[in-house]
Amino acid sequence: MIQLQRIYRNNEGSSENSFIGSDVRSYEEYLSLAEIPRFEGVSARVIDSLKQRVGREDLSIDRIAEDLKLSKRTLQRRLQNQNANFAQIRDALRFHYAIKYLIDEHMSVDNVSKVLDFSDRTSFTNAFKRWTGLSPSVFRKLFRDYA
């Protein structure tokens with residue numbers, strides 16, 4: 001079991017709720033990082049389509065392209081013209097919902113991985129570690145009282 005000691009500081013430039021000896025951020029910092037970025041044009045339409053599908057349908061680029069009545073290649077090209085790509089947009093949305101589901105909804109890691117259309121729990125865990133530096137289980141243990 002991982003135990004991290006919390007310290008509280010009132011110094012400027014330091015984060016309240018930071019953790020000694022780690023790169024763990026405060027819950028508020030994770031929420032800020034997990035905000036869905038504001039997009040325009042086709043990127044905004046991709047986000048809207050993904051939001052409608054979360055927890056119900058496939059989040060693949062093929063399905064989103066169908067929703068937008070575009071070919072997969074046209075969608076990729078239009079995203080590229082906006083300096084965006086589908087995987088990054090989908091990851092931003094998944095990160096947002098992962099925190100919401102783990103903390104606010106108290107969903108299991110397995111259920112979150114399914115709802116967010118990961119191929120398996122390991123893929124979700126690896127993505128979550130990439131986003132936060134923590135496994136979903138450790139994240140939930142640290143922040144379960146914040147909901």
Side-chain angles (χ1 to χ4, degrees), residues 1-68 72 75-76 78-80 82-147:
M1 178 171 160
I2 295 176
Q3 291 183 330
L4 300 173
Q5 180 181 0
R6 293 184 194 197
I7 60 170
Y8 297 93
R9 300 180 183 142
N10 289 324
N11 303 338
E12 285 187 66
S14 68
S15 169
E16 289 187 20
N17 262 355
S18 59
F19 297 87
I20 293 176
S22 72
D23 293 328
V24 176
R25 301 166 187 231
S26 71
Y27 183 66
E28 292 76 20
E29 288 174 306
Y30 285 117
L31 287 178
S32 178
L33 287 172
E35 285 181 13
I36 300 171
R38 299 203 188 280
F39 292 105
E40 294 183 9
V42 74
S43 298
R45 291 175 57 207
V46 167
I47 282 287
D48 290 342
S49 182
L50 286 166
K51 283 180 181 178
Q52 291 173 6
R53 288 177 157 272
V54 167
R56 293 187 291 272
E57 299 178 63
D58 183 5
L59 301 179
S60 71
I61 190 169
D62 295 316
R63 298 298 152 257
I64 300 304
E66 284 177 14
D67 289 352
L68 302 179
K72 176 182 171 181
L75 176 57
Q76 289 171 326
R78 289 187 183 174
L79 288 171
Q80 186 177 23
Q82 292 186 315
N83 295 318
N85 78 48
F86 180 78
Q88 290 172 336
I89 293 171
R90 183 178 58 191
D91 266 4
L93 184 98
R94 283 174 161 175
F95 182 27
H96 171 80
Y97 280 101
I99 288 179
K100 178 182 187 282
Y101 291 148
L102 286 170
I103 303 301
D104 298 342
E105 306 292 329
H106 306 287
M107 290 174 70
S108 72
V109 175
D110 286 330
N111 284 341
V112 174
S113 70
K114 289 175 188 165
V115 166
L116 296 179
D117 197 33
F118 281 90
S119 58
D120 56 27
R121 179 188 172 129
T122 302
S123 297
F124 170 63
T125 298
N126 290 338
F128 199 86
K129 283 181 182 178
R130 188 175 66 248
W131 300 327
T132 65
L134 302 168
S135 73
S137 300
V138 169
F139 186 88
R140 184 192 349 243
K141 287 175 187 170
L142 289 173
F143 299 115
R144 67 177 155 233
D145 297 332
Y146 283 81

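Only a predicted model underlies this, so the values are computations on that prediction, with no experimental measurement involved. Scope of the values below: all heavy atoms of this structure, side chains included, with no hydrogens, waters or symmetry mates.
Summarising the geometry, atom CG belonging to Asp104 is positioned 9.5 Å from atom CD1 belonging to Ile99; distances are rounded to the nearest 0.5 Å. Rounding to the nearest 0.5 Å gives a distance of 11.5 Å between NZ of Lys72 and CD of Glu66. For the atom pair CZ (Phe143) and CD (Glu28), the distance works out to 8.5 Å, reported to the nearest 0.5 Å. The CG atom of Leu79 sits 6.5 Å away from atom CD1 of Ile61, with the distance rounded to the nearest 0.5 Å. In this structure, CG on Leu93 lies 10.0 Å from OG on Ser49, to the nearest 0.5 angstrom.
Between Phe128 and Phe124, the ring planes are tilted. Angles from 30° to 60° get that label. Under the 30°/60° scheme for interplanar angles, the aromatic rings of Tyr27 and Phe139 are found to be tilted.
Heavy atoms only, all atoms of each residue included: Trp131 and Ala98 are closest at CZ3-CB, 4.2 Å. Taking both residues in full, the closest heavy atoms of Tyr30 and Thr132 are given as OH-O, 3.2 Å, listed atom of the first, atom of the second, then distance. Taking both residues in full, the closest heavy atoms of Leu68 and Arg45 are given as O-NH2, 3.3 Å, listed atom of the first, atom of the second, then distance. Here the shortest heavy-atom pairing between Gly41 and Gln82 reads CA-NE2, 3.6 Å. When all heavy atoms are compared, the tightest approach of Arg140 to His106 is NH1-C, 4.0 Å. Nearest heavy-atom pair across Ile36 and Tyr97 is CD1-CE1, 4.5 Å.
None of Asp117, Asp48, Asp67 except one satisfies the salt bridge (charged side-chain N to carboxylate O under 4.0 Å, His left out) rule with Arg53; the exception is Asp67. Checked against Arg94 for a side-chain contact (heavy atoms from CB on, under 4.5 Å), the options Val112, Leu50, Val54, Leu116 give a single hit: Leu116.
Ser123 and Asp120 share a donor-acceptor pair across their side chains, judged by distance under 3.5 Å alone.
The main-chain N or O of Leu59 is found under 3.5 Å from a side-chain atom of Arg90 such that the two form a donor-acceptor pair. At least one donor-acceptor pair closer than 3.5 Å links the side chain of Ser113 to the backbone N or O of Asp110. Listed for the His96 side chain is no donor-acceptor partner under 3.5 Å among the backbone atoms of Glu35.
Listed by chain and number, the residues in a side chain to side chain donor-acceptor pair (under 3.5 Å) with Gln52 amount to none (sequence neighbours excluded).
Open room surrounds CZ on Arg38; 12 or fewer heavy atoms of other groups in view lie less than 6.0 Å from it.
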